[in-house]
Number of protein chains: 2
Amino acid sequence: MPYIGPSFLLSQLGAFAADGFAARLTALDLAPQHAGLLRMIVATGDHPLTQNALGQRFGVPASRLVPLLDHLESGGLVERRTNPADRRSNLLFATPAGVAMLGRIESLTHALEAELLASLTASDRAALEGLLRTLAGSLGLVPGVHPAYRALEDAP
Amino acid sequence: MPYIGPSFLLSQLGAFAADGFAARLTALDLAPQHAGLLRMIVATGDHPLTQNALGQRFGVPASRLVPLLDHLESGGLVERRTNPADRRSNLLFATPAGVAMLGRIESLTHALEAELLASLTASDRAALEGLLRTLAGSLGLVPGVHPAYRALEDAP
DNA sequence: TATTGTTATACTCTATAACTATA
DNA sequence: TATAGTTATAGAGTATAACAATA
């Protein structure tokens with residue numbers, strides 16, 4: 001029997017969780033990428049981001065952001081408004097429907113987590129979450145920013 | 001600040017671990033998919049699999065298996081031998097070089113895990129691994145079979 | 001001239017479907 | 001006729017590069 005260590009388990013469980021999340025999101029006509037962007041746009045509601053700033057935060061190229069925001073905007077969840085201070089750029093705002101959608105995404109997430117963690121006791125769940133948070137923090141992972149957004153980086 | 005739960009952390013950390021694994025594997029001229037197949041071929045050495053059986057175990061279509069095995073075979077890690085009992089099918093064998101390569105992959109994995117878990121105490125690492133194993137087992141994840149191999153399934 | 005967002009092009013990856021050989 | 005493996009074709013997804021508007 002070959003060695004299966006914690007890094008493979010993390011990757012395997014992480015992919016399983018991501019697949020489950022994506023599958024549930026289709027009922028809301030969204031992909032995981034949309035959910036991450038929407039969450040960030042809602043979170044920065046008082047200091048709205050430009051598309052450029054949003055793209056840099058997630059590490060996605062500008063050209064990839066455009067169709068993702070198009071989808072969110074066509075669904076009435078997000079608005080692009082020309083930045084009065086620099087009319088080249090757009091500021092991103094969540095609509096009330098967008099905020100409501102984020103709430104639905106979060107309750108869907110809670111339901112998913114209940115299923116994933118059903119085999120653990122409450123104290124084990126808390127222990128797991130604490131360990132994962134410690135790891136994510138020590139590895140420099142940015143809260144809410146999934147590595148799948150990131151493009152490949154070149155060594156100089 | 002939006003809610004970031006254990007499922008997102010799992011997915012985020014899992015993707016991070018997978019990216020690190022893939023990056024290190026390039027030095028061995030392999031992709032993660034090759035490593036998973038090689039591991040399975042070595043593990044079934046006494047009862048060799050046909051390509052069909054291997055593909056079904058991982059959930060990959062036969063046409064996708066071909067170039068993956070081509071790469072392993074051209075690297076001298078795996079051999080296809082016509083099945084004497086049914087000359088339509090191939091039996092898959094790992095060469096000594098393939099077994100040695102799996103050893104290198106495993107030591108690379110240990111090094112990766114040491115980095116990933118550097119912020120945890122030894123007992124925390126053991127606790128995390130135990131929790132992850134419990135989860136993987138309860139969710140029906142097959143040891144060594146990563147969900148990324150799986151194709152989409154249709155609802156009937 | 002430089003930068004923001006958009007559009008166009010090209011490339012990678014994968015699955016579906018045709019094809020060859022054995023049964 | 002049916003099945004194992006291979007090859008060919010086509011589709012989705014993404015990045016790189018050209019483009020238009022504003023600074």
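Note on naming: letters A, B, ... go to the chains in the order of the sequence lines (proteins, then strands), and numbering restarts at 1 for each one. Keep in mind the model is a prediction, meaning the values are calculated, not measured.
Note on B/D86: only backbone sugar-phosphate atoms sit closer than 4.0 angstrom, heavy atoms only; bases stay farther off. Contacts of A/S89 with the nucleic acid, taken as non-hydrogen atoms under 4.0 Å apart, involve only primed sugar atoms and P, OP1 or OP2. Among the protein residues, B/N90 comes within range of the sugar-phosphate backbone only, with heavy atoms under 4.0 Å from sugar or phosphate atoms but none that close to a base.
For the pair B/H34 NE2 and C/dC13 C1', the computed distance is 13 Å after rounding to whole Å. To the nearest angstrom, P of C/dG5 lies 5 Å from CG of A/N52. In this structure, B/Y149 places its OH atom 15 Å from P of C/dC13, rounding to the nearest Å. We find that CG of B/L69 is positioned 8 Å from P of D/dT6, with the value rounded to whole Å. Rounded to whole Å, the distance from CG on B/L68 to P on C/dC13 is 11 Å. Atom CZ in A/R64 sits roughly 9 Å away from atom C1' in D/dG13 (whole-Å rounding). Atom NE2 in A/H71 sits roughly 19 Å away from atom C1' in C/dT6 (whole-Å rounding). Note: CD (A/Q51) to C1' (D/dT22) measures 15 Å, nearest angstrom.
Each of B/P84 and A/A62 lies near DNA chain C, and the nucleotide nearest A/A62 is the one positioned closer to the 5' end.
Between A/L28 and A/L108, the closest heavy-atom pair is CD1-CD1, 4.0 Å. When all heavy atoms of A/R24 and A/A111 are compared, the closest pair comes out as NH1-CB, 4.2 Å.
Rounded to the nearest 0.5 angstrom, A/L77 CG and A/L102 CG are separated by 10.0 Å.
Between A/R133 and A/E129 there is a salt bridge, since at least one side-chain N of the basic residue sits less than 4.0 Å from a carboxylate O of the acidic one.
Contact annotation: B/Q56 does not reach the phosphate of D/dA4 (side-chain N/O to OP1 or OP2, under 4.0 Å). Listed pair A/R88 / D/dA23 fails the phosphate criterion, with no side-chain N or O lying under 4.0 Å from OP1 or OP2. For C/dT6, one of the phosphate oxygens OP1 or OP2 lies less than 4.0 angstrom from a side-chain nitrogen or oxygen of A/R80.
Closest approach to the A/S63 side chain among C/dA15, D/dG5, D/dT16 is made by D/dT16 (side chain taken as heavy atoms from C-beta onward). Of the candidates C/dA23, D/dG5, D/dT14, the closest approach to any side-chain atom of A/Q33 belongs to D/dT14.
In summary, the side chains of B/S138 and A/S119 do present a donor paired with an acceptor at a separation below 3.5 Å, with no hydrogens or angles considered.
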